[in-house]
Amino acid sequence: MAAYTEESDEELGLDSHPIFAILQENAEEQTSYTDPKELMVVQDSQVFIWDKGSTRILTANLKDVFADDGDDPLVQALVCSNTPRFDVEHISLNLTGRHILLWGKHGATVMELPRRYGKNAQYEGGKERINCRTIGLAERFFISSSSLSLLQAEWHPGSASDTHVLLLTTDNTLRIYEISNPHKAAQVHGLGEHSTSFSLSSSRSTFEVALGEIAVSFDFGLPVECAARGGAKAEDNLLYPVYILKGNGDIFLLNISLTDSRYFRTKLQGPLTMQPAAEDNYGMDACSLLCLHSNPPVLVVATSSSALHHCVVLSSEERSETEDVTSDSQLSVASMADYGPTLCVYESVELALSLVQSDLDEYEDDVNYPIKLHRDPTVSSQYFCSHAAGVHHIILPWLQKIEQFYATGDGEEEGEAALGEITRDQACTVAHMVCTKPSGASSPAPVLGLTIITDQLLGPTFMCLTPEMGCYVKSLRPVDIGEPPKLLSEEGTDPVVSPMRQLNTEPFQRVIQRLLHRTQSNPVLRASSKTHLSLEESFQLLQRATKVLRDEYIQKQELAREEIEKRMKILRQQKELQQSDLQDSQQLEEETKAKAEELADRYSDAEEKQEELINRVWSVLHALQNQLPVLSEAEHGMNKELTDMQEKLKQMQVTLQQVNRKHEYQQQQANQQSKQASSPALSQSQHKHLKTLLKEETDRITALVSEVKNLSVAVGP
């Protein structure tokens, strides 16, 4: 859950923006309002505020407060070309930021914003006063039906051109207008039997209003895909559910579509079943409805008696797939109304509007003030309430766990764990942020605007317009950030859990958050200048603030300090024990190293002795082998090898003799051929040389013969 904590707005400095000084200068004598207004809206750090005194819209870029050029932030005035004839009580910007819807109880007008260009992307390059085209919606209708009142006007989130507006009027009718054709409604949906007593004076209620059968508020749910015709994609044909709240607390469902003609006139589903049932239907003074876009959706119903009901929307059983919606079967579309969802009332909360009690509390209990619900665009599990006494901040810690339970499959262990967390979870957190009505006797002073800034530079910031046209800004920062996703390398491994984590399964940060959780808070006082407190009421206010500070801040901080000191003491003991174990481990490591060195020396000595013994064994075996009377297999092998070599030597000698004989024969043949080729007569020198050679050969043969004889004599017969 991304709940938020409040931080000081001194760093931002948005409350000192020149636009609020201009508003305070142009402010008229304040009228005593009882209903909260919406005269301020912010989109992409661009703020738009309705200046009632000058009937114009003032706009400025909030990021200009961070500029270092030394110039004051530029404030531009957007003047209506056709000034609305009714009191503007609410303004809203469409998603594309091109049109602003101005509406009050007696009419609605759309202002077309000018182009943005220039260095800082300002309107019309930075002109201070700009005339803007305005388009009146259903002007003839409201002029001709003066007894009717406009209860709510909203932009349609599914409009492709972002130009469709829904108007809810007191005749129990929801009309859809397109600003290109502002006098004729594109769709008209009846929400019940309209009142026939319009001729009654405005000071008296009609019978339907008295019985609470008039629709007082509506809100859009998440779009769903519906079966398309003509082979079109289902993604292009979205059906937007509209939850409608009536004064008696009944909630209806109306499915509308801007593209599919089958849903131009559909049957109203409801009233939706609420479980558990209540005799008073959870209040007969419902005034506002908000749909939190979670899974499953959660409807917040506010009553004028300062009660809030959180209803979880549970879808009914799906229809058979064989039953299709056809274009010519209006009954098929209408039959879908019999399968509406069921509302499970998860919890109910009653807001404490006044800080101190007064003598007129019994009378004040009979006076009810409506509540306006505001969605937080950053987190689906929280929202804001504006009323005659200020602003409340509501956080639903159980909603995220319900979403986790719905995200897991059936029968999974994670789903069972999430279901167990839901049953053990705490109730919603209610914080009174801004108080404009400190005592029950004070006159009502609702805030005139409330918005949440989602700009990346400014961060999530709460901003409201006080009854005196001042600004209250509070920076919101997340205090409960979930664990980051695991890396791919960590998915298959089990995390190492310390012994302290095994003993304390709840994270220490969550323990401190649980101890510091406040059930009451001291809101910021932004009362009207007409508010006057007596000395007794001022003393009660001081007593309450002191008691809240003592009980919700100091005492809980003391408990948190004691818990931190206890944990620190345990951690110190664990640290000392671990240090002692570390010293023992270091000493054991040194002893192990010394023993390892000794064992290494002994091992080297043993290895040398082992090698010496092996050599001695080999020598003994060799000696024993030599003393054996028979030849060993190795000796037999050697003898055989020598014999083979001797036979091969003889064969080689014979082969050598044959080669020598062939060589001699070839030499003789060569000599004969040389003699035949030469002349038969020899020269004297040749003859003399030949004789010399023959004589030498004869002497050599004689010597050889004598040597042979000597050898034969020496050898013997």
*Taking it one step at a time, do Ser149 and Thr169 satisfy side-chain contact (heavy atoms from CB on, under 4.5 Å)?*
CA-CA 6 Å; Ser149 298; Thr169 53; over 6 Å; no
*Kindly indicate, with the supporting measurements, whether the criterion side-chain contact (heavy atoms from CB on, under 4.5 Å) is fulfilled by Leu351 and Ile371.*
CA-CA 10 Å; Leu351 302 179; Ile371 296 177; 4.1 Å; yes
*Test side-chain contact (heavy atoms from CB on, under 4.5 Å) on Leu151 and Phe218 and set out the steps.*
CA-CA 10 Å; Leu151 298 176; Phe218 70 91; over 6 Å; no
_Please determine whether ring pair (Phe, Tyr, Trp, His ring centres under 6.0 Å) holds for the pair His156 and Phe220, giving the CA-CA distance in whole Å, both sets of side-chain angles, and the decisive distance to 0.1 Å._
CA-CA 8 Å; His156 195 295; Phe220 288 92; 5.1 Å; yes
_Stepwise side-chain contact (heavy atoms from CB on, under 4.5 Å) test for Leu450 and Val391_ = CA-CA 9 Å; Leu450 187 154; Val391 178; 3.5 Å; yes
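Under the 6.0 Å cut-off for aromatic ring centres, Tyr383 and His310 qualify, their centroids lying closer than that. Between Tyr177 and His164, a ring centre-to-centre spacing not shorter than 6.0 Å is recorded. Under the 6.0 Å cut-off for aromatic ring centres, Phe384 and Phe462 qualify, their centroids lying closer than that.
Distance check: Leu74 CG to Ile19 CD1 gives 10.0 Å after rounding to the nearest 0.5 Å. Between Lys127 atom NZ and Ile130 atom CD1 the span is 6.5 Å, to the nearest 0.5 Å. With rounding to the nearest 0.5 angstrom, the OG atom of Ser92 is 12.5 Å from the NE2 atom of His99. Here the OG1-CG distance, from Thr451 to Asp376, works out to 10.0 Å after rounding to the nearest 0.5 Å. Interatomic distance, Met40 CE to Met469 CE, rounded to the nearest 0.5 Å: 10.5 Å. For the atom pair CG (Leu238) and OG1 (Thr259), the distance works out to 7.5 Å, reported to the nearest 0.5 Å.
Between the Thr436 side chain and the Ala445 main chain, a donor and an acceptor come within less than 3.5 Å of each other. A donor-acceptor contact shorter than 3.5 Å is absent between the side chain of Asp35 and the backbone of Pro370. Not a single donor-acceptor pair under 3.5 Å links the side chain of Asp51 to the backbone N or O of Ile57. Judged by distance alone, with hydrogens and angles left aside, the side-chain atoms of Ser217 form no donor-acceptor pair with the main-chain N or O of Ser288 at under 3.5 Å. Checking side-chain atoms of Lys246 against main-chain N and O of Leu191 turns up a donor-acceptor pair under 3.5 Å. Judged by distance alone, with hydrogens and angles left aside, the side-chain atoms of Gln187 form a donor-acceptor pair with the main-chain N or O of Ser257 at under 3.5 Å. No donor-acceptor pair closer than 3.5 Å links the side chain of Ser54 to the backbone N or O of Arg56. Of the possible polar contacts, one joining the Asp219 side chain to the Cys291 backbone as a donor-acceptor pair under 3.5 Å is found.
Within a 6.0 Å radius of CZ in Arg98, other residues, nucleotides and ligands contribute 12 heavy atoms or fewer. The number of heavy atoms from other shown groups lying within 6.0 Å of CG (Asn295) is above 12. Remark: Arg116 CZ is packed, more than 12 non-hydrogen atoms of other residues, nucleotides or ligands lying under 6.0 Å away.
A salt bridge is absent between Asp87 and Lys52: the closest approach of a Lys/Arg side-chain nitrogen to an acidic carboxylate oxygen does not fall below 4.0 angstrom. Ion pairing between Lys63 and Asp455 holds under the 4.0 Å rule for side-chain N and carboxylate O.
With 3.5 Å as the limit, one finds no donor-acceptor pair spanning the side chains of His183 and Glu139. Gln152 and Glu154 are linked by a side-chain donor-acceptor pair at a separation below 3.5 angstrom, with hydrogens and angles left out of the test. In summary, the side chains of His387 and His392 do present a donor paired with an acceptor at a separation below 3.5 Å, with no hydrogens or angles considered. For the 3.5 Å distance criterion, the side chains of Thr59 and Gln76 fail to qualify, holding no donor opposite an acceptor. Thr173 and His189 are not linked by any side-chain donor-acceptor pair at a separation below 3.5 angstrom, with hydrogens and angles left out of the test.
Between Thr109 and Asn82, the closest side-chain pair of non-hydrogen atoms is not below 4.5 Å. Leu292 places a side-chain heavy atom less than 4.5 Å from the side chain of Leu399. Side chains of Trp50 and Leu58 form no contact here, defined as non-hydrogen atoms less than 4.5 Å apart. No side-chain heavy atom of Pro297 sits under 4.5 Å from any side-chain heavy atom of Leu299. Looking at Ile256 and Ile176, their side chains come closer than 4.5 Å, going by heavy atoms from C-beta outward. The side-chain heavy atoms of Leu101 and Trp155, taken from C-beta on, include a pair separated by under 4.5 Å.
Of all non-hydrogen atoms in Phe86 and Gly104, the two that sit nearest each other are CE1-N, 3.6 Å. A pairwise comparison of heavy atoms in Glu124 and Pro114 identifies OE2-CB, 3.5 Å as the closest pair. Closest non-hydrogen pair, Leu254 versus Lys267, comes out as CD1-O, 4.5 Å. Of all heavy-atom pairs spanning Cys471 and Thr466, the tightest one is N-OG1, 4.1 Å. The minimum heavy-atom distance linking Leu168 with Leu150 is given by the pair O-CD1, 3.3 Å. Across all non-hydrogen atoms, the minimal contact from Ala388 to Lys437 is O-CB, 3.9 Å.
Remark: Ser81 engages Thr134 in a side chain to side chain donor-acceptor pair (under 3.5 Å) (not counting sequence neighbours).
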